[in-house]
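Take a look at the structure below.
First the proteins, then the strands, lettered A, B, ... as listed; each starts at 1.
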Amino acid sequence: MRWSRYFMPTSKEAPRDAETISHKLMSRAGLIDKTSSGVYTYLPAGYRVLRNVEAIVRREMDRTGAMELLMPALQPSSLWKESGRLDKMGDEMIRFTDRHDRLMLFGPTHEEVITDIVRKYFSSWKQLPVTLYQIQTKFRDEMRPRFGIVRSREFLMKDAYSFEVDQQGLDETYGKMREAYCRIFTGCGLTFSIQQADSGVIGGKFSEEFVAQGECPELEVGHIFKLGTQYSESMKAFFRDSSGTEKPLIMGCYGIGVSRIVAAAIEGNHDQKGISWPVSIAPFKVLVIPSNTESGQILETAQAIYQSLGSRGISAMLDDRNQSAGMKFADADLCGFPVWVIVGKKAAEGKVEIRIRKGSVSSDVETGNAARWVCDFLEANGQS
RNA sequence: CGGGGCGUAGCGCAGUCCGGUUAGCGCGCAUGGUUUGGGACCAUGAGGUCCUCGGUUCGAAUCCGAGCGCCCCGACCA
C-alpha cells in the first residue's frame, strides 16, 4: 500500500468524547469512526486488525476440532420464549415487529438458535460430542455505551457451543477451550488473567472470565461457561444414550469479544507516541519511509525495498507522502508499524536504517539485505 | 433508567453570562513558492442551516420553551 492513496486519516487530536487510551489512539490512528452512540465503522486499517484477530481466533478454534458455522443475527422471539429468556433480557435486546406483526430480535447471543439447530440434527450418542462456533456481529442496546468499541451496541464476537453426553465430556471440552483461549490471547499480544465469574443472565454453574491487562475498566475479553442442561431441558434438546435412554444434552459455551481484543491489544501495547502493534495483528507489519520523496535515489531505493517485501508476502506500507520526515515518524509512531525501514541520506552509501517500534532499536543494514533482514526478524518475532 | 453537562467550518475550540459591525482561532484542506532525519515556513484562498422547531425583540449563536443528538457520574452488564 502507498500511504498517499490509503484511507487512514491520522490526527493530532482525539475526538472530545474519547476517554480511554485505546479509544483515543484508535481514533487518532484512523482505525475507527463513530457513526452513532456505541456504533462504529472500522476504517480500512482498523478492519485489517480486526480480521487479523479473527484469523487467530479461527485458527485456534479449528485446532480444537470445533466447526465454524454462521447463524442469523435476526432471530424469532419464539425461541427465546421457549428458553424463558425473552423477558429476562429486557431492553438490552433490540426487538421489533415485522410486517406480519411477529416479534423479532437482533441476537445479543445465540444459545437459543444453536440449541434449536442441535436438537433438530443430533439425536444419538454416536454423533456426540460436537462443538460449533461462529464469528458474528452481536447486538446489545447497552444503557450506556462507552470506551469506543469496548462497550458498543454492535460488536464482533466469537461464540462457541459444545454439546456432550456427560459431565466428564464437558470438563474435557471446557479444558480444551480454556487452553485455546490462552493461546489466542497470547497470540494477540495480550497480558491477561483468568478469574472465576458470575454467570449472569447466561446461567450455568461455573464460569471463568479472561481479563486483559490495561487501564480500561472494562476488561473482559473472554468468558467460558459450563452451562449444564439449562437450555437443553427448557428447549427439549435430548439424545439417546447407548442404552436407549433419553437424556438432555450437556452444554458449554465460550465467548470472545473479537473487537474488544483490538482495544485490549492497544491498551497493553502503546506508549506516549502511539500504538505499538504486536506483529501478529498489526494492520501492516512494515513501513518503508523514504525520508525525502523529492530525491530520486531515496524514493527509488524505498520503492525497491517495498516491492521486495511484497514479493516475500509481507504486508508493507510505503510512506510516499511528500511530507517532512518528522511528520512521517510521528505518524509511524502513532499507527504502530512494528518494523520501519528508513531510507535516508545513507542510501547513497548503500545503507538503510531498520528500526523496531518496540524499544526503538535501530540497525544499519545494507540496502540489498534489508528485505531479508526484515523477513528474518518477523519470522523470529511473529507471535509478538 | 435517575443525576449532571455539552451541541458554533472536516476535527479541536473561543464567543453565549450582559442580544447589536461582515461569527473568530488552531489543526486540516486548495493554489504558488521555499523546505525535507522527529508533527517545517511564507503568501493567497475555499469552507458556516451557530443542532432543529417555535417564541420574545427593531435586532437572537447569545434570552425563553419544546424536541433531537452526544458525553460524563450512578445503577446495569457474556
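Residue A:S36 is classed as a sugar-phosphate contact, given heavy-atom separations below 4.0 Å to backbone atoms only. Among the heavy atoms of the strands lying under 4.0 Å from A:Y161 is at least one base atom, whether or not backbone atoms are also near. Residue A:I224 is classed as having no contact, given no heavy-atom separation below 4.0 Å to the nucleic acid. If you check every strand for non-hydrogen atoms under 4.0 Å, A:E142 touches nothing. Among the protein residues, A:K328 comes within range of no part of the nucleic acid, since none of its heavy atoms lies under 4.0 Å from any strand. Base engagement by A:R28 is indicated by at least one non-hydrogen atom pair under 4.0 Å involving a base atom. Residue A:N322 is in base contact, counting any heavy-atom pair closer than 4.0 Å across all strands shown. Within the nucleic acid shown, A:S324 comes within 4.0 Å of at least one base atom, counting heavy atoms only. Among the heavy atoms of the strands, none lies under 4.0 Å from A:P9. Residue-level contact check: A:A14 touches the backbone only, with heavy atoms under 4.0 Å from sugar-phosphate atoms and none from bases. The residue A:Y254 sits apart from the nucleic acid: no heavy atom pair falls under 4.0 Å. Base contact: A:E353 has a heavy atom under 4.0 Å from a base atom. Using a 4.0 Å heavy-atom distance criterion, A:E209 is classed as making no nucleic acid contact.
Here A:K273 does not reach the OP1 or OP2 of B:G39: none of its side-chain N or O atoms lies under 4.0 Å away. A close approach under 4.0 Å does occur between a side-chain nitrogen or oxygen of A:S37 and OP1 or OP2 of B:C71. Residue A:R16 has a polar side-chain atom (N or O) positioned under 4.0 Å from OP1 or OP2 of B:C13.
Here the closest heavy-atom approach between residue A:P338 and residue A:F284 is recorded as CD-O, 3.5 Å.
The separation of B:C51 from B:U62, taken at their P atoms, amounts to 8 Å, rounded to a whole angstrom. Comparing the same atom, P, in B:C53 and in B:U8 gives a spacing of 16 Å after rounding to whole Å. Taking atom C1' in both B:A23 and B:A60, the straight-line distance is 13 Å, to the nearest Å. Atom C1' of B:G47 sits at a distance of 15 Å from the matching atom of B:U31, rounded to the whole Å. Taking the C1' atoms as reference points, B:C25 lies 26 Å from B:G69, given to the whole Å. Taking atom P on both nucleotides, B:U52 is separated from B:G7 by 13 Å, rounded to a whole Å. The C1' atoms of B:G2 and B:G48 are separated by 37 Å, rounded to the nearest whole Å. Rounded to a whole angstrom, the distance from the C1' atom of B:A14 to that of B:G54 is 28 Å.
Of the nucleotides present, B:A40 is the one that pairs with B:U34 by Watson-Crick or G-U wobble criteria, both distances under 3.5 Å. With a cut-off of 3.5 Å on both Watson-Crick or G-U wobble distances, the partner of B:C1 is given as B:G74. Nucleotide B:C6 forms a pair with B:G69, judged by Watson-Crick or G-U wobble geometry with both contacts under 3.5 Å. Remark: B:U56 base-pairs with no nucleotide; criterion is Watson-Crick or G-U wobble with both hydrogen-bond distances under 3.5 Å.
A:I135 pairs in a side chain to side chain contact (heavy atoms under 4.5 Å, CB included) with only one of the listed residues (A:L156, A:V53, A:L70), which is A:L156.
One atom, CD of A:E349, and another, P of B:G37, lie 16 Å apart when rounded to the nearest Å. What separates CE of A:M327 from P of B:A40 is a distance of 8 Å, to the nearest Å. For A:F147 and B:C72, the CZ to P distance is 7 Å, given to the nearest whole Å. Whole-Å rounding puts the A:L43 CG to B:G10 P distance at 18 Å. Atom P of nucleotide B:G37 and atom CG of A:D333 are separated by 16 Å, given to the nearest angstrom.
With distances taken from any side-chain atom of A:R146 to the nucleotides B:G39, B:C76, B:G37, the minimum falls on B:C76.
Annotation: side chain to side chain donor-acceptor pair (under 3.5 Å) contacts of A:R321 (sequence neighbours excluded): A:D319, A:D331. Residues passing the side chain to side chain donor-acceptor pair (under 3.5 Å) test with A:K158, sequence neighbours excluded: A:Y181.
In terms of position on RNA chain B, the residue among A:S360 and A:E19 whose nearest nucleotide sits closer to the 5' end is A:S360. Position along RNA chain B of the nearest nucleotide to A:P145 versus A:D331 favours A:D331 as the more 5'-ward residue.
Between the side chain of A:Q323 and the base of B:G39, no donor-acceptor pair under 3.5 Å is found.
A salt bridge does not link A:E353 with A:K346: none of the charged nitrogens is closer than 4.0 Å to a carboxylate oxygen. Between A:D116 and A:K120 there is a salt bridge, since at least one side-chain N of the basic residue sits less than 4.0 Å from a carboxylate O of the acidic one.
Between the A:S311 side chain and the A:S308 main chain, a donor and an acceptor come within less than 3.5 Å of each other.
You'll find the side chain of A:I194 stays beyond 4.5 Å of the side chain of A:F185, heavy atoms only.
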